[in-house]
Student: 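Structure provided below as structure tokens; questions to follow.
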Amino acid sequence: MNESNAWREQLLHGHWFRQLSPALQERLLAAARPRALAAGECLFQRGDAPCGLYAVLSGAIRIGAVSAEGKEALLTLVEPPHWFGEICLFDGQPRTHDAFAEGATRLLLVPQAALLALLEAEPAYWREFALLMSHKLRLAFVALEQQSLKGAAPRLAFRLLQMADGYGEVDGARRVLQLSQEQLALMLSLSRQTTNQILKALQQEGALRLSYGEIEILDVARLEALAGRG
């Protein structure tokens, strides 16, 4: 299996890439370039010029920001086989957040110039990239609703279920999340102490198993009931 076919096999696990026409899949893979990042290495920072569209093949990318006072916001961890970076494709504006490798990470980059040339030649393909962006917009609206209407414990349960489901991008749910309590607290804008208390309570109920850098979901129904999804 050549490199391009290996990339395709990995990316076909994601709904967005899988629903693309074979012709568009081919064009993206033909233009793609591999990138490898070491743990903690910067991919891009807020204010950087747009460089293209990325897909995660292995590892994860931490998307967030740090205020002038040093306060950190963690929006999400982008894991395989998710694509990201499409906002700059539409508006040509600088990157809105920082992106760092969470552990050793392999990516594909489809450069901005190649994407714009493709879309100039095939304007109908704009719809496919709009679908990629609209899925994330829906997730952002859900997160805002959760932040406004739900307490800490329901929001935590809901986020764990979202991550287990791959934010709706993959088939089947996983049960072991590579996620620290600190990262989860940052995602939810909760204190580390509050997050730890909720997780410990759920572990005592048998809903979760906690270990270093991992959260294993044992009782999906309990989390769904807590999150208001049951």
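Only heavy atoms go into these numbers, but all of them, side chains included; no hydrogens, no water, no symmetry mates.
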Student: Using the six-membered ring of Phe100, assess whether NZ or CZ of Arg62 lies under 6.0 Å from its centre and within 45 degrees of the ring axis.
Tutor: no

Student: Apply side chain to side chain contact (heavy atoms under 4.5 Å, CB included) to the pair Val56 and Glu79, showing each step before the final yes or no.
Tutor: CA-CA 6 Å; Val56 184; Glu79 299 177 293; 5.6 Å; no

Student: Hey, does the side chain of Glu169 reach the backbone of Trp16 with a donor-acceptor pair shorter than 3.5 angstrom?
Tutor: yes

Student: If we count only N and O atoms by modelled type, under 3.5 Å, do the side chains of Arg155 and Gln147 hold a donor and an acceptor together?
Tutor: yes

Student: Do Leu77 and Leu184 sit in one hydrophobic cluster, given that two such residues count as connected whenever their side-chain heavy atoms are within less than 4.5 Å of each other, even indirectly?
Tutor: yes

Student: Tell me, with the steps shown, if Val170 and Asp165 meet side chain to side chain contact (heavy atoms under 4.5 Å, CB included).
Tutor: CA-CA 7 Å; Val170 296; Asp165 292 338; over 6 Å; no

Student: Spell out, as yes or no, whether a donor-acceptor pair under 3.5 Å connects the side chain of Arg18 to the backbone of Leu12.
Tutor: yes

Student: Looking at every heavy atom in both Leu223 and Ala157, which two are closest together, and how far apart are they?
Tutor: O-CB, 3.6 Å

Student: Any chain of hydrophobic side-chain contacts (each under 4.5 Å) joining Val78 to Leu57?
Tutor: no

Student: At their closest point, which heavy atom of Phe129 faces which heavy atom of Tyr125, and how far apart are they?
Tutor: CD1-O, 3.2 Å

Student: Near Arg138 CZ, under 6.0 Å, is it more than 12 heavy atoms from other residues, nucleotides or ligands?
Tutor: no

Student: Strictly distance-based, threshold 3.5 Å: is any side-chain N or O of His82 a donor or acceptor partner for the main-chain N or O of Tyr167?
Tutor: no

Student: Which heavy atom of Phe84 sits nearest a heavy atom of Lys136, and at what distance?
Tutor: CA-NZ, 3.2 Å

Student: Between Pro50 and Phe44, is any pair of side-chain heavy atoms under 4.5 Å apart?
Tutor: no

Student: Would a distance-only check, ignoring hydrogens and angles, find a side-chain to backbone donor-acceptor pair under 3.5 Å from Ser148 to Gln146?
Tutor: no

Student: Could you check whether any side-chain heavy atom of Leu108 comes within less than 4.5 Å of a side-chain heavy atom of Leu11, counting everything from C-beta outward?
Tutor: yes

Student: Hey, does the side chain of Arg174 reach the backbone of Gly172 with a donor-acceptor pair shorter than 3.5 angstrom?
Tutor: no

Student: Would you kindly say whether Gln193 and Ser191 are connected by a side-chain donor-acceptor distance under 3.5 Å?
Tutor: no

Student: So, the side chain of Gln203 versus the backbone of Leu210: is there a donor-acceptor pair under 3.5 Å, distance only?
Tutor: yes

Student: Quick one: do Glu26 and Arg8 satisfy salt bridge (charged side-chain N to carboxylate O under 4.0 Å, His left out)? Show the steps, please.
Tutor: CA-CA 9 Å; Glu26 286 291 342; Arg8 183 195 303 277; 2.3 Å; yes

Student: Among side-chain atoms of Asn196 and Gln181, is any donor-acceptor pair under 3.5 angstrom?
Tutor: yes

Student: Applying the 4.5 Å side-chain criterion to the ILVMFWY set and letting contacts propagate, would Leu75 and Leu188 be lumped into a single cluster?
Tutor: no

Student: Going by heavy atoms in the side chains, are Phe90 and Met133 under 4.5 Å from each other?
Tutor: yes

Student: Are Met163 and Leu226 connected in the hydrophobic side-chain network, where two residues link if heavy atoms are under 4.5 Å apart?
Tutor: yes

Student: Are side-chain heavy atoms of Leu218 and Arg175 found at a separation under 4.5 Å?
Tutor: no

Student: When you compare the side chain of Ile61 with that of Thr105, does any pair of heavy atoms fall below 4.5 Å?
Tutor: yes

Student: So do the side chains of Leu28 and Leu115 get within less than 4.5 Å of each other, counting heavy atoms only?
Tutor: yes

Student: Rounded at 0.5 Å granularity, tell me how far CD in Glu41 sits from CD in Glu102.
Tutor: 13.5 Å

Student: For the pair Arg95 and Gln45, evaluate side-chain hydrogen bond (donor to acceptor under 3.5 Å, both in side chains) and give the outcome as yes or no after the intermediate values.
Tutor: CA-CA 7 Å; Arg95 295 295 187 188; Gln45 291 183 292; over 6 Å; no

Student: Less than 4.5 Å apart, any side-chain heavy atom of Asp98 and any of Ile63?
Tutor: no

Student: Verify side chain to side chain contact (heavy atoms under 4.5 Å, CB included) between Asn5 and Leu29, making sure each step is shown before the conclusion.
Tutor: CA-CA 9 Å; Asn5 286 337; Leu29 291 174; over 6 Å; no

Student: Given 3.5 Å as the limit, does a donor-acceptor pair link the side chain of Glu122 with the main chain of Leu119, or not?
Tutor: no

Student: Who clusters with Val66? Use side-chain heavy atoms, under 4.5 angstrom, across I, L, V, M, F, W and Y, and order the result by chain and number.
Tutor: none

Student: Can any side-chain N or O of Gln25 pair as donor or acceptor with the backbone N or O of Leu20 at less than 3.5 Å?
Tutor: yes

Student: Determine whether Leu156 and Leu202 satisfy the following criterion, side chain to side chain contact (heavy atoms under 4.5 Å, CB included), listing intermediate values before the conclusion.
Tutor: CA-CA 11 Å; Leu156 183 147; Leu202 288 170; 4.0 Å; yes

Student: Determine whether Trp83 and Trp7 fall in the same hydrophobic cluster, where Ile, Leu, Val, Met, Phe, Trp and Tyr are linked whenever their side-chain heavy atoms lie under 4.5 Å apart.
Tutor: yes

Student: Side chains of Pro81 and Gln10: does their closest heavy-atom pair fall under 4.5 Å?
Tutor: no

